[in-house]
Enquirer: 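The following block contains the structure, expressed as C-alpha cells.
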Amino acid sequence: ISINIQNANIFLLLFSSDDSLTEETGYTTERNYYTRYHNMTEISDWMEKMKRENPDVVSSMVYGQTYEERNITLLKIGLNSTKRKKAIWMDCGIHAREWIAPAFCQYFVKEILQRYKTDTKVKEMMKNLDFYVTPVLNVDGYIYSWLNNSTRLWRKSRSPGPVGCTCYGTDLNRNFYANWGTVGVSTNCCEETYCGSKALSEPEARAVTDMLGKMSGDILAFLTIHSYSQLILVPYGHPNISAPNYNELMEVGLGAVKAIKAVHGMDYTVGTWPDILYPASGSSQDYARLIGIPLSYTFELRDKGEYGFELPEDQIQPTCEEAYAGVQHIITYAHDKAFYSSAATVTTTLWTTVMTAWVFSATLL
Ligand SMILES: *[C@@H]1O[C@H](CO)[C@@H](O)[C@H](O)[C@H]1NC(C)=O
Ligand SMILES: *[C@@H]1O[C@H](CO)[C@@H](O)[C@H](O)[C@H]1NC(C)=O
Ligand SMILES: *[C@@H]1O[C@H](CO)[C@@H](O)[C@H](O)[C@H]1NC(C)=O
Ligand SMILES: *[C@@H]1O[C@H](CO)[C@@H](O)[C@H](O)[C@H]1NC(C)=O
Ligand SMILES: *[C@@H]1O[C@H](CO)[C@@H](O)[C@H](O)[C@H]1NC(C)=O
Ligand SMILES: [Zn+2]
C-alpha cells in the first residue's frame, strides 16, 4: 500500500492549527512550528508570512545592516489609531547561541496576533501601543551558530578584531554607549566579552541606538531577551549607578516573576546585574534606561544550567508560555500607567524577598 503524500499534506493543512506555515516555505506539514528552533532563512520566511497574513497589523522595517551586510529587520505590530501611539521594544538574539530567545520573539508575535482578536485587554494594548519586535538582532552570529556543532556556542558578532588580533566578534551587549568599557568587559578581541574598539564600533549596536534615538520618547518598555539562568535583570549592569525608579523596576519585575511561576512553577529571580549576576557595562539595557526609557529589562530564560544554551526543543513551548506571562505583566503595567493616570501612582513599598546571589563566574549569558 502506498500512502498518498499529497492527500496527507492536505489533510494536515485542513486540520492543523494556524501554527503551521504555508506550502512555499517548505514545512507544510509542521503542526508545531513554535516548538522547534528555526534557522535564519526560516525566520525571515516567517516574518514575511506574518506580514502577508496580517497586513493591517504587521509591517516590517529594515533598520540597519550587520557587519556581513545582512538586513536587521523588526516587525511592527499594532492596530491603526488616529491617536499618537506609545511603543514597546523587544529584541531577541543579540547573543547568537541563546536560541530560545529568537524562538520566544516568534512565539510572542504569534500570541499577540492571536489574542487580540478575542482578548479585549490585548486589543486595547494593540490600539494604544505598537510592538517593535526584532526576532534576531545578531543575524551574522546567529547564522554562524547554525553552521555546525563546533560553532553552535558562538556568542558574539562576526566582525574581525582590530589589527594584530586574529579573533572574530564583538560582544554586542557590551558595545553600547553606556559607561562603555568600564566593567565586566574584555579588551582582548579573543574573549567572549570583547567590548569592541570603541562604543558603537559595531553596526548592530549602532542600528539599535539609532532606532531608539528616533523613538525613545514613545517607548514605555525595553525588553531584551537572553538565556539562560531564569533571571529578570533590572538596570543597571554598572555597579556604581542606580536607576531613579529602581523600586518601580523591582516591583514590576517581581510581579513578572510571580506571573511566570504561576504558569509552570518555575522560579525566576529579579535584581540588578551586580546583585544577582555579574556587573557589566555597555549593555543595551543600560543604554535604554540611560536615555530615559523607564522600564528596561533583560530576561534570562530557561534553564539554570542543566542544558544551558542548548535547551532541548521540548522545553521551548513551556519556556515561551511562562515568559509570555512575565512579559505580559510588564507591558500591561506600562500600558496602564501611560493610559490610566490612576495607575501612575506607584506604590513605593517593595516586597523584600530573599534573593539568592547566583554566582556565574564562568558562563556568560
Ligand atoms: C534552514 O532550515 C530549513 C528547514 O529545515 C532547511 O531546508 C534549510 O536548508 C536551512 N537553511 C539553512 C541556510 O541552513
Ligand atoms: C492602517 O493604516 C495603513 C497606513 O495608513 C493603511 O494602509 C491600512 O489600510 C490601515 N488599515 C486599517 C485596517 O485601517
Ligand atoms: C534588505 O533590505 C532592503 C531595504 O528594505 C531590501 O531592498 C533588500 O531586498 C533586503 N535584502 C534582503 C537580502 O532581504
Ligand atoms: C553534533 O551535536 C549533536 C548534539 O550534541 C550530536 O548528537 C552529534 O553527534 C554531533 N555531531 C557531530 C558530527 O559531532
Ligand atoms: C565604583 O566606585 C568605587 C568606589 O568609588 C570605585 O573604586 C570603583 O572603581 C568604581 N567602579 C567602576 C566600575 O567604576
Ligand atoms: Zn545573552
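Indexing begins at 1, ligand by ligand and atom by atom, following the structure's order. Keep in mind that the numbers below use all heavy atoms, side chains included, and drop hydrogens, waters and symmetry copies.
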Enquirer: Relative to the heavy atoms of Val62, which atoms of ligand 3 are at a distance of less than 4.0 Å?
Expert: 2 (O), 5 (O)
Enquirer: Asn149 versus ligand 4: do any nitrogen or oxygen atoms come within less than 3.5 Å of each other?
Expert: yes
Enquirer: Classify the ring geometry of Trp89 against Phe222: parallel below 30°, tilted from 30° to 60°, perpendicular beyond 60°.
Expert: parallel
Enquirer: Can you check atom 2 (O) of ligand 3: any protein non-hydrogen atom closer than 4.0 Å?
Expert: yes
Enquirer: Do Asp91 and Thr224 have a side chain donor and acceptor closer than 3.5 Å?
Expert: yes
Enquirer: Can you figure out which of Leu147, Ile43, Asn39, Thr41 has its heavy atom closest to atom 6 (C) of ligand 1?
Expert: Asn39
Enquirer: Starting from atom 14 (O) of ligand 3, locate the nearest protein heavy atom and write down its residue, its atom name and how far away it is, to 0.1 Å.
Expert: Asn71 ND2, 3.5 Å
Enquirer: Using side chain to side chain donor-acceptor pair (under 3.5 Å), reason through Glu98 and His226 one step at a time and then give a plain yes or no.
Expert: CA-CA 6 Å; Glu98 298 165 6; His226 291 245; 3.1 Å; yes
Enquirer: When you check the side-chain N and O atoms of Thr170 and Tyr67, is any donor under 3.5 Å from an acceptor?
Expert: no
Enquirer: Less than 4.0 Å between atom 11 (N) of ligand 3 and some protein heavy atom, yes or no?
Expert: yes
Enquirer: Purely on distance, is any nitrogen or oxygen of Gln65 under 3.5 Å from one on ligand 3?
Expert: no
Enquirer: Locate the shortest heavy-atom distance separating Leu249 from Pro235; write the atom from each residue and the value.
Expert: CD1-CD, 3.7 Å
Enquirer: Dump the intermediate steps for side chain to side chain donor-acceptor pair (under 3.5 Å) on Tyr333 and Glu248, then the final yes or no.
Expert: CA-CA 11 Å; Tyr333 171 85; Glu248 177 189 33; 2.5 Å; yes
Enquirer: Evaluate the 4.0 Å heavy atom contact test for atom 8 (C) of ligand 3: does a protein atom fall under the cut-off?
Expert: yes
Enquirer: Taking atom types as modelled, find out whether Trp46 and Tyr34 have a side-chain donor-acceptor pair closer than 3.5 angstrom.
Expert: yes
Enquirer: Please state which part of Met40 comes within less than 4.0 Å of ligand 1, counting heavy atoms only: side chain, backbone, both or neither.
Expert: neither
